[in-house]
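Some notes on the structure that comes next.
First the proteins, then the strands, lettered A, B, ... as listed; each starts at 1.
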Amino acid sequence: MHLLLVDGSGYIFRAFHALPPLNRKSDGLPVGCVQGFCNMLYKLTTDMDEGEPPTHMAVIFDHSGKTFRDTIYSEYKAHRPPAPEELVPQFPLTRSATRAFSIPAIEMEGWEADDIMATYACMARDAGWKVTIASSDKDLMQLVEPDGSIRLLDTIPRPGQPPLRWIGPNEVLTKFGVTPDKVIDVQALCGDSVDNVPGVPGIGVKTAAELINTYGDLETLLSRAEEIKQPARRQKLIDNAELARISKQLVTLERKVPVDIDLDGLLRQPIDPSTLFPFLKAMEFATITKRLGNLLEADPDLFEPDPELRAGGTRDIGAPKKSADLSVAKAKLAANVVPGTGPARFAAEEHARIKAIPVNYDAYEIISTPEQLAACIARIVDRGHFAIDTETTSLDAQQAELVGVCLSTAIGEGCYIPIGHSKAGDLLEGGGLVDGQLPARDVLAALKPVLEDPSILKIGQNVKYDMEVFVRHGITMAPIDDTMLISYALDGPQYNGLDILANHWLDHKTITFGELAGTGKARKTFDQLEIAPAARYAAEDVDVTLRLWHVLKPRLAAENATALYETLERPLAPVLARMETRGITVDRQILARLSGDFAQRAAAFEAEAHELAGEKFNLGSPKQLGEILFGKMGLEGGTKTKTGAWATGADVLEDLAAKGVPLARTIVDWRQLTKLMGTYTDALPGYIHPETGRVHTSYSQASVLTGRLSSNDPNLQNIPVRTEDGRKIRSAFVAPQGKVLVSADYSQIELRVLAHIADIQALKDAFEEGLDIHAMTASEMFGVPVEGMPSEVRRRAKAINFGIIYGISAFGLSNQLGIERSVAGEYIKTYFERFPGIKDYMDSQRARVKVDGFVTTLFGRKIQFPNANSGNPSERAFVERASINAPIQGTAADIIRRAMIRMEGELKKAGVEADMLLQVHDELIFEVPEGTEDQAIPVIKRVMETAAEPAVRLSVPIQVDAHAARNWDEAH
DNA sequence: GCAAGGACGTA
DNA sequence: GTACGTCCTTGCA
C-alpha cells in the first residue's frame with residue numbers, strides 16, 4: 001500500500017509566489033494557483049504512477065480559524081498578513097479541483113493540515129504502508145523516516161528544476177543539521193519568524209543543531225545548560241527555557257487527530273470525466289483539459305462547463321478584500337511575462353475577439369413593464385456581473401436627478417430603464433413624466449438587491465459618479481469594477497473618456513452626448529430627451545463599457561498591473577465617493593465680507609494704475625499691459641512669450657517694481673486681489689449645495705500622470721495659504737457646530753521618498769535625527785553652521801532641494817533664485833558632491849525612460865513618457881526632468897492613497913468618529929466631534945505614517961503633523 | 001460659442 | 001526645474 005498526502009494549503013501559498021499570475025480570460029477571475037494545482041495533481045497521477053503508484057490518496061487543507069496552538073501561544077502566526085486578494089477566491093476553487101479529480105478533500109475545524117497529515121502518515125506507517133507527503137513545508141520534515149517509509153515530495157514549480165523533487169533524511173540533514181527525529185528540538189531553539197514561533201532569541205538553526213547534536217535533545221540541553229561554555233549562549237538558554245518548551249509544543253505535530261475517514265476511505269478512485277471536465281472547462285484551462293482528455297481517453301467536448309463555476313457565475317469575484325502586499329507586485333515583476341504567451345496572449349486574443357463583434361443598435365431594449373424588469377434582473381443574478389450606467393440631469397453627482405438606468409449583462413445587449421423623462425412644460429411648471437416609464441421607486445427597489453449584492457460585480461465607466469447618485473437614493477453599490485480606472489492603471493491618463501477608449505480599443509465611434517442632446521445653449525438635459533434616442537445612447541454606453549472591461553481586465557494580469565489596480569485604484573473609488581458626498585462647510589458670511597473688502601481695495605489699485613499709466617486700460621489684459629509698460633513707457637528688459645506677446649507675469653513685474661516702476665507693484669497687488677475674488681470669494685458660494693449646505697468637490701482619480709488626485713468643481717486643492725489675504729479665504733472653511741476640523745499633513749514626504757529611493761545616506765540620517773532638512777542641506781553645501789544661519793542661506797538650500805525633486809537644471813535654479821546661471825550650476829555640482837547618490841538616481845531615471853519609455857513608483861505604478869526619444873531637444877530635456885520627478889511625486893501619491901484606503905476602517909476599529917473630507921496631495925482634512933480630537937489624531941497619524949507598510953518598508957521615518965481647530969486656516 | 005494663451009492659486 | 005484646475009482675455013467661427 002502507498003498513501004499519497006497532498007498539502008493543499010501549503011501548495012497554494014507557495015505556488016502563488018512561484019507561478020506567473022493568470023486570470024480566467026472571460027471575467028478576470030484569478031486562477032493561476034488553481035491551474036498550477038491541477039497541473040500538480042496531473043503530474044502526481046502520471047509521474048508517480050511510473051514508480052510505485054499510490055494506492056490511497058487525499059488532499060489536506062487548513063481549516064480557517066483557531067487551533068490548539070493559539071491557546072498555547074497567543075502570538076502564534078500573529079505576524080501573518082492577510083491572504084493576498086487574488087488568492088482568496090482560489091481557496092474554494094482548489095477544493096473544487098480536488099473533488100473534480102475524484103480525490104477526497106479533507107479539512108478539520110481546529111486542526112492545521114500538517115496535524116492531519118501527520119496523523120494519517122503515522123497511521124499508514126504503523127500499518128506497514130509507504131507514505132508520500134507532497135509538501136515542501138519544513139514543519140513536516142519531522143515526519144520523515146530514515147527507512148524511507150515516510151518521504152516528502154516537493155511539488156512547487158521552480159524554474160530549471162524537475163516538477164517533483166524528493167525530500168528524505170539527507171535533505172532534512174542539510175536543512176536542519178540533524179536527523180528528522182530531532183527536527184522539533186532544533187525548531188524549538190531557533191524558532192520560526194514566519195509562523196512567529198519565538199524559539200530562544202539569538203539562536204539560529206546552526207547553533208541549535210550544534211547544541212542538539214551535543215546534548216541529544218532539548219530537555220537534556222535545558223537541564224545541563226549550566227555547562228555551556230559561552231557565557232552569552234548559556235544565559236540565553238537559562239533565561240528562555242520556558243520559551244523553548246512552548247516553541248517545541250508549537251512545532252510538534254499532533255499525530256492523533258480524531259479523523260473521520262479511515263485509511264480505507266482514501267482508496268484511489270478512477271477519475272470521473274463527467275465531474276472533471278465540467279470543472280476544467282469552467283476554469284477555461286484548455287491545455288490541461290486536452291492532456292487529461294488524452295490520459296483518460298475521453299472527449300472533453302462532450303461536457304459543458306460547470307454552470308455553478310462558469311465565467312460570470314454567481315461566484316463572488318469582486319467583493320472588496322484586504323489589500324494585497326507587495327509580494328504580489330514583486331512576484332509579478334519577477335514573473336517576467338513574455339508577450340505571446342500566457343496572460344499576454346489571453347489579453348491579445350480577447351481583444352481581437354471583442355473588437356470583431358459589431359455594435360448592433362437594434363438589439364438594445366427599453367424596459368417599460370415590471371415583467372421586463374424582472375427578466376432583466378434575473379439575467380443579472382444569473383450572470384453574476386453586469387455593466388451599469390446612470391443617466392441624469394447633471395454632471396455634478398450631488399445635484400444630478402436620475403433619469404434612467406442602463407444595464408448590460410452580455411456583450412451586444414443593453415437594457416435602458418427610463419424613469420425620469422419629462423414632458424416639455426412651461427417655465428413655471430414641468431410637464432410631468434412621459435408615459436411608458438416604470439415608477440422610479442419600483443425600479444430602484446428592484447435594483448437595490450443586485451446593486452448591493454456582494455456576489456454580483458457592478459462594472460462601470462467612472463463608477464464613482466454612479467455610486468454617489470445611488471447613495472442619494474439609499475443604495476450602496478458594491479463591489480465595483482471601473483473601466484476608467486483599469487485603463488488608468490494600465491496606460492495612465494492618456495485615454496480617459498468612454499468615447500476615446502471605445503475608439504481606441506474597439507475601433508468604434510460612440511454617439512456623443514452633443515449629437516444626442518445638442519451643444520451650447522440648445523443643449524437639452526437628459527430628462528428632456530425622447531426615450532428612444534436616449535435609450536440608444538445609453539445602451540451603447542453600457543454595451544461598450546462591458547466590452548472594454550473584457551478587453552482591459554485581462555491586460556492587468558498580462559502587464560503586471562493587477563496589484564496596482566486592486567490595491568491603489570479600485571478600493572479608493574468608494575472612499576472618494578464618500579468624501580465627495582460628505583462635502584465641507586464654507587461660511588458664506590466670511591466670504592461675502594472678504595469679497596467686499598477685496599473689491600474696494602482692488603478698485604483703489606485700479607484707479608491708481610490708470611493714474612500711473614496715464615490712461616484707462618483693462619488691467620486684466622496682459623496684452624494691453626505689455627503695450628503700456630514696454631511700448632508706451634519704453635521700459636527695458638521686456639521679454640516675449642512664445643507667441644510673441646510681452647511677458648507680464650508676476651516675476652517680470654516684481655523685477656520692474658524693484659527697479660522703481662510703481663505701476664508694476666500696483667498691478668501685482670491688483671492681480672492678487674482680483675484672483676482671490678474671481679476664483680474664491682465670489683465663486684465658492686455658488687458651489688454651496690442647496691440641500692446639504694456644503695461644498696462638494698469632485699476628485700478625479702484618473703487624470704494625473706503621477707498618480708496624484710486632482711480636484712475640480714470647485715478645486716479645493718488650491719485654496720490659498722501663502723499670503724495673509726489668501727489665508728482669510730481658508731478660514732472660511734469651517735467645522736459645523738459641535739465639530740472641529742483636523743488637518744494632518746506629511747512632513748517633507750517627497751524629500752523623504754527621494755532619500756529612500758535614491759538611497760542618500762546623509763539625507764536619511766538627517767531625517768532619522770529629526771533635523772531641519774533645509775538647514776542641514778545649507779550647512780552641508782555652504783559650510784554655514786545651522787545655529788544662527790541667515791534665513792537667506794536656508795532659503796537657497798530649500799530652493800535647491802525642491803529643484804532636485806523637480807529634475808533640477810541650472811537654468812531653472814538661476815531663475816528661481818535670481819542668480820547667475822554659472823553660480824546655479826556650481827550649486828548643483830556642490831550638491832551632487834555632498835550627496836552622492838543623487839546624480840546616480842537622476843541618471844538611472846533618464847536612462848530608464850529612454851529605454852523603457854516609462855519610469856515606476858515604489859508601488860509599481862508606471863508613468864509613461866511616449867516622447868522620451870523625441871527629436872526635439874527641449875522636449876527631451878523636459879521628459880528627463882519629469883521622469884526624475886515622477887517616481888518621487890508618484891510614490892508620495894501612492895502612500896497617501898494607501899492611507900486613505902485604510903483610514904476609515906482603522907478609525908472604526910479604534911472606535912473613533914472622524915469623517916475624512918478632503919485630500920490636498922500630502923494633507924488630509926477630517927471633521928471630528930469637538931473634544932474627541934485627541935483620540936482621533938493618534939489614529940490618523942498612525943495610519944498615515946505606516947501607510948507604505950507592509951508593501952514597502954521605507955528606510956526613512958515618515959512624519960505627520962496634525963492639528964485641530966474650528967477652521968482650516970488654524971488647523972493647518 | 002469655443003479654444004488657446006497667459007496668469008496664478010495649490011502641493 | 002515637477003504636477004494640477006480656474007479665471008480672464010483674445011481671436012476666430
- Task: For the side chain of Asn715(A), starting at C-beta, report the closest nucleotide among dA3(C), dA7(B), dG9(B).
- Result: dG9(B)
- Does any non-hydrogen side-chain atom of His774(A) lie less than 4.5 Å from one of Gln748(A)? yes
- Query: Looking only at N and O atoms, is any donor in the side chain of Asn718(A) or the base of dG9(B) less than 3.5 Å from an acceptor on the other one?
  - Reply: yes
- Compare side-chain N and O positions of Ser711(A) against OP1 and OP2 of dG5(C) and report whether any pair is under 4.0 Å apart. no
- Query: Hey, are Glu880(A) and Gln845(A) close enough side-chain-wise for a donor-acceptor pair under 3.5 Å?
  - Reply: no
- Message: Is the distance between the ring centroids of Phe598(A) and Phe605(A) under 6.0 Å?
- Response: no
- Looking only at side-chain N and O atoms, does Lys623(A) come under 4.0 Å of OP1 or OP2 in dG11(C)? yes
- Query: Closer than 4.0 Å, any side-chain N/O of Arg708(A) to the OP1 or OP2 of dA3(C)?
  - Reply: no
- Indicate, with a heavy-atom threshold strictly under 4.0 Å, whether Ala650(A) touches base, sugar-phosphate, or nothing. sugar-phosphate
- Query: Looking at Gln624(A), does any N or O in its side chain come under 4.0 Å of the phosphate oxygens OP1/OP2 on dT10(C)?
  - Reply: yes
- Message: Any base atoms under 4.0 Å from Gly520(A), or only sugar-phosphate, or nothing? Heavy atoms, all strands.
- Response: sugar-phosphate
- What parts of residues 805-818 of chain A reach DNA chain C, counting only heavy atoms under 4.0 Å away? Tyr806(A), Ile808(A), Ser809(A), Phe811(A), Gly812(A), Leu813(A), Asn815(A), Gln816(A)
- Start at the 5' end of DNA chain C and walk down; is the nucleotide closest to Ile804(A) or to Ser710(A) reached first? Ile804(A)
- Item | Under-4.0 Å side-chain N/O to phosphate OP1/OP2 contact, Asn885(A) with dG1(C) | no
- Do Gln717(A) and dT10(B) share a donor-acceptor pair, side chain to base, under 3.5 Å? no
- Side chain of Pro622(A) only, please: which of dG6(B), dA11(B), dG9(B) is the nearest? dG6(B)
- Message: Please give me every residue in residues 794-802 of chain A whose heavy atoms get under 4.0 Å of an atom in DNA chain C, ordered by residue number.
- Response: Ala799(A)
- Message: Are there over 12 heavy-atom neighbours, none belonging to Glu833(A), within less than 6.0 Å of that residue's CD?
- Response: yes
- Query: Would you say Ser703(A) reaches dG5(C)'s phosphate, i.e. side-chain N/O to OP1/OP2 under 4.0 Å?
  - Reply: yes
- Would you say Gln461(A) and Met484(A) make side-chain contact, with heavy atoms under 4.5 Å? yes
- Give a yes/no on whether any side-chain N or O of Thr679(A) is located under 4.0 angstrom from OP1 or OP2 of dC8(B). no
- Message: From the set dA3(C), dG9(B), dT9(C), return the single nucleotide nearest to any side-chain atom of Lys675(A).
- Response: dG9(B)
- Between Arg722(A) and dA11(B), is there a side-chain N or O to OP1/OP2 distance below 4.0 Å? yes
- Item | Trp646(A) six-ring centre to Lys640(A) NZ/CZ under 6.0 Å and within 45° of normal | yes
